[in-house]
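Let me begin by presenting the structure, written as structure tokens, before commenting on it.
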Amino acid sequence: MASATTIWFAAAIPRNSFGGVSRVMAELSARLSDRGVKCVVVNAGRSAVLANYLVFSAWLAGRYLLAFGKRPQWIVARSTDGLAVAIASRVFRLGVKTVLHSHGWEEKVYEAERRLPEGRVAPRTSMKARLIRFPLLRRMLALCDVCMCGTIEEARWVRTKYPNFRAKVVCVPNGAAASSSPHRDWVASTPADFLAVGNCTWKKNMGHTVAVFREIREYLPRARLFVAGSTLEDIVGLTGASALPGLTAVGAVPPQNMPAWYSRCPFFITTSAYEGGRSLALLEAMANGCVAFASAISSSLECIHDGVDGFVVAGLSPKADALRIVQVLGNPALCASASGEAFLFAKRQSWERQVRRFEKVLCLKR
């Protein structure tokens with residue numbers, strides 16, 4: 001990609017967000033900058049007003065129009081956040097190209113919600129979102145130059161649902177920075193310390209993770225679960241349990257501090273009901289040689305090959321999932337093998353590889 005290229009990565013999210021969209025923008029921006037591309041990350045900062053996707057979209061278009069000689073050639077924007085720019089580009093023939101960065105296609109998320117019992121989804125997708133955001137998202141798909149999905153399965157879903165736009169739909173998965181080696185000695189005395197990452201939403205399904213851990217403690221009384229991304233108050237509000245021995249909620253953890261947690265915890269568990277892209281936490285856990293247990297959702301199945309580089313749990317019965325996990329922990333040789341394979345898989349999914357994919361997509365569309 002030519003050194004003169006400028007890319008804006010834009011999303012109506014707070015400046016201090018540790019979420020997947022923020023992480024992906026930061027990773028792609030940093031690595032593209034190292035390769036001679038000028039990158040600017042544009043977010044809502046500390047403004048609650050700009051955090052509204054309609055306001056942000058209009059503000060982003062205004063910022064672009066006022067940039068004059070510093071205008072980017074590409075704007076990579078989450079969901080509908082780049083819609084006003086895409087419209088302005090068509091109307092005024094500005095020439096800027098837009099990428100719809102989908103980190104969870106909203107219509108697909110709604111379909112997943114509808115398959116779950118009423119009590120498991122809070123908050124549900126509002127009627128306002130279905131009447132306003134969904135049509136705007138479809139309009140963005142029609143106007144954008146590229147629709148970039150985070151999983152192969154989601155890209156296929158969008159191509160199938162909107163065949164007229166299938167040529168512009170691509171998959172650029174999340175990546176991981178692998179450690180130099182797993183550095184783990186798997187023995188029978190390996191501590192049963194688990195790490196879970198995420199907030200208390202229906203997508204992350206943290207209530208089920210905690211329920212699984214409660215069952216694990218019946219078999220392994222010294223097991224511990226560390227939850228990054230949620231507070232104890234969040235978990236108590238979700239599960240109703242005022243205390244659970246062995247569980248520690250560590251709250252929000254900056255990305256640069258996460259390797260210490262992957263090193264501390266030999267086992268990683270995610271029972272997510274939905275992930276818009278390949279889970280960064282899952283990839284990073286694998287990159288650090290953790291033995292991962294993941295629910296059988298599409299995004300996780302693109303990473304976990306059951307019994308080879310990790311283990312799939314059904315995500316339905318806490319007791320059944322706990323039993324599967326305890327059986328694996330009782331086999332140190334299997335843990336060692338899965339850890340090594342997980343490390344090799346994650347190493348192949350490096351951010352450098354995903355950046356090359358991203359560059360290829362943008363170069364082909366220029």
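Nothing here was measured: the structure is a model prediction, and the numbers come from that model. Along the sequence shown, residues carry numbers from 1.
Salt-bridge check for E352 with R356: failed, with every basic side-chain N at 4.0 Å or more from each acidic carboxylate O. Looking at E218 and K319, no side-chain N of the basic residue comes within less than 4.0 Å of a carboxylate O on the acidic one, giving no salt bridge.
For the pair R71 and Y64, the cation-pi test (distance below 6.0 Å, angle within 45°) is passed. Annotation: cation-pi pair R133/Y53 present, NZ/CZ under 6.0 Å from the ring centroid and within 45° of its normal.
Of the possible polar contacts, none joining the T271 side chain to the G315 backbone as a donor-acceptor pair under 3.5 Å is found. A side-chain donor-acceptor contact under 3.5 Å links N52 to the backbone of L54. A distance-only check finds no donor-acceptor pair linking the side chain of S102 to the backbone of C149 [under 3.5 Å]. A donor-acceptor distance shorter than 3.5 angstrom exists from the side chain of S230 to the backbone of G198, with no hydrogens or angles considered. In this structure, N174 contributes its side chain and S279 its backbone to no donor-acceptor pair below 3.5 Å. The closest donor-acceptor contact from the side chain of E302 to the backbone of I152 lies under 3.5 Å. Looking only at distances, a side-chain donor or acceptor of D145 sits under 3.5 Å from a matching main-chain atom of T98. Under the 3.5 Å distance criterion, the side-chain polar atoms of T160 are matched with a main-chain donor or acceptor of R156. Counting only distance, with no hydrogens or angles, the side chain of S47 and the backbone of V49 share a donor-acceptor pair below 3.5 Å. Of the possible donor and acceptor atoms, one in the side chain of R217 sits under 3.5 Å from a partner among the backbone N and O of P221.
For the pair Q349 and R278, the minimum side-chain heavy-atom distance is below 4.5 Å. By the 4.5 Å heavy-atom criterion applied to side chains, V42 and W59 are counted as neighbours. Taking the side chain as every heavy atom from C-beta outward, Y274 and N205 never approach each other to under 4.5 Å. Counting heavy atoms from C-beta on, the side chains of V328 and F293 come closer than 4.5 Å. Residues V313 and I325 meet the side-chain proximity criterion, which asks for heavy atoms closer than 4.5 Å. Put simply, the side chain of L141 does not reach to within 4.5 Å of the side chain of K161, judged on heavy atoms.
Here the options are E153, E275, E154, the test is salt bridge (charged side-chain N to carboxylate O under 4.0 Å, His left out), and the partner is K108; only E153 passes.
For the side chain to side chain contact (heavy atoms under 4.5 Å, CB included) test, residues two or more places apart in sequence or in another chain that qualify with T125 are Y110, E113, A129, R130, F134.
Classified by interplanar angle (parallel below 30°, tilted 30° to 60°, perpendicular above 60°), the ring pair W157/W105 is tilted. Ring planes of H103 and H101: perpendicular class, angle over 60° (limits at 30 and 60°).
When all heavy atoms of D321 and A314 are compared, the closest pair comes out as OD1-N, 3.1 Å. Pairing each heavy atom of C335 with each of V291, the nearest pair is O-CG2, 3.5 Å. Nearest heavy-atom pair across F194 and A223 is CE1-CB, 4.4 Å. Closest of all the heavy-atom pairs between M206 and N199 is CB-O, 4.1 Å.
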Indicate every side-chain donor-acceptor pair of residues 248-269 with a distance under 3.5 Å to a residue at least two apart or in another chain.
from : atom 1 : to   : atom 2 : distance (Å)
Y262 : OH     : E284 : OE1    : 2.9

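Residues L66 and F56 do not share a hydrophobic cluster, defined by chaining ILVMFWY side chains whose heavy atoms lie under 4.5 Å apart.
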* Asked: Given the rule in the side chain to side chain contact (heavy atoms under 4.5 Å, CB included) test, do R114 and V121 qualify, once you have shown the distances and angles that lead to the verdict?
  -> CA-CA 9 Å; R114 295 177 66 185; V121 181; over 6 Å; no

* What do the steps show when you test F343 against D309 for side chain to side chain contact (heavy atoms under 4.5 Å, CB included), and what is the final call? -> CA-CA 8 Å; F343 172 75; D309 56 8; over 6 Å; no

